[in-house]
There are 2 protein chains.
Amino acid sequence: MTSDSRVAESGASLHRIGQIYRTFIKQVDEPLRQVGLAVGQLPVLVTLKNAGASSQAELARVAQVEQPSMAQLLNRMERDGLIERVPDPADGRSRLVSLTGQATRRLPAGKAVMDSLAVKALEGFSREERDVLQDLLSRIQANLERVSKG
Amino acid sequence: MTSDSRVAESGASLHRIGQIYRTFIKQVDEPLRQVGLAVGQLPVLVTLKNAGASSQAELARVAQVEQPSMAQLLNRMERDGLIERVPDPADGRSRLVSLTGQATRRLPAGKAVMDSLAVKALEGFSREERDVLQDLLSRIQANLERVSKG
DNA sequence: GTAATATAGATAGGAGGCTATGTAATGACA
DNA sequence: TGTCATTACATAGCCTCCTATCTATATTAC
């Protein structure tokens, strides 16, 4: 195998990953909006549901986005009545973010939308194939994260 | 295996795909900017290089983005002196997009940046593992595209 | 106790994606 | 030939991500 064809294959896989990502988002966006939620909101809602009230920094860390991205997302969610922010009594710089009742009520339907499409995406995959996929993706992610440090 | 754990695994894979996509973009963005290019521009540049002057619709089709996304991308590229648009003599509605000399000169370095990271991302993968990955990803994509039609 | 540093968040500005909708040219057909 | 659907593109408005930078509060070191 030539070095050129190795490059071509690598590029193809990464390109396909980008396409899958965008297709998934596109598919899930409309049914989620019908439930009154948006794609980026789910990790925040799930985290708040599981961990209780959290700081913006903690939410950004869990969702693996930068702080300003989380700040904007929380702004939209506050505007839409999904979250509340109250001053943290223990730290004057921080505000604790918590779910509203409305968000709590919408969350199950939102999770159902995500899970349903995730299952459809892996239709026809054996247990072993799912494991292999997880392993390969984990290794790609580890490789990419190693690049940013090393 | 329970249905719950199958859902959890599916969600995990798709979530990881999103993370890989964003990590890849993040890694490639800065070296590309140093070359004077941006991530979304590469497919357009490569297509124009290979196929010659093309219409906006054709470029959108190849890059698999919607027409307004391509229109905005081309606006930025025109602003930055990477492409030119000239009226299509054969169709008064259309303009033919072509590379400038500057873009042609920058393209090889841009491709090198992308290829280099793509190779690093798949470091430690055997030939067979790359094939398996391609197969699994193709099947996911086919599943997702089937959802949008069926 | 005050000066320097670190941390939490806010804001500005831009890339790149989407849907919905408008406009102008083409093409097909009664 | 004149109308009408289709096609190519433009525009508006929004979401989600980013970097760079600013403010305000904590914390640490002297």
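Every heavy atom of this structure was used, including side-chain atoms; hydrogens, water molecules and symmetry mates were not. In what follows, chains carry the letters A, B, and so on, assigned in the order in which the sequence lines appear, proteins first and then strands, with residues in each chain numbered from 1.
For B/D80 and B/R76, the salt-bridge test fails: no basic side-chain N is under 4.0 Å from an acidic carboxylate O. Salt-bridge annotation for B/R139 and A/E123: absent, with no side-chain N of the basic residue lying under 4.0 Å from a carboxylate O of the acidic one. Of the charged side-chain nitrogens involved, at least one lies within less than 4.0 Å of a carboxylate oxygen, so that B/K26 and A/E66 count as a salt-bridged pair.
The distance between atom CD of A/Q72 and atom P of C/dA15, rounded to the nearest whole Å, is 15 Å. Atom CZ of B/R95 and atom C1' of C/dA24 are 13 Å apart (whole Å).
If you check the side chains of B/R95 and B/Q56, you find no donor sitting under 3.5 Å from an acceptor.
Contact annotation: A/S94 reaches the phosphate of C/dG9 (side-chain N/O to OP1 or OP2, under 4.0 Å). At D/dC15, one or more side-chain N or O atoms of A/R79 fall inside 4.0 Å of OP1 or OP2 (strictly under the cut-off). When the side-chain nitrogen and oxygen atoms of A/R85 are compared with OP1 and OP2 of C/dA8, none of them lie within a distance under 4.0 Å.
Counting any heavy atom pair closer than 4.0 Å across all strands shown, B/R33 reaches no nucleic acid atom.
DNA chain D is contacted by B/S55, B/Q56, B/A57, B/Q67, B/P68 of residues 39-70 of chain B, taking any non-hydrogen atom closer than 4.0 Å.
For B/R93 against D/dT7, a side-chain N or O and a base N or O form a donor-acceptor pair under 3.5 Å.
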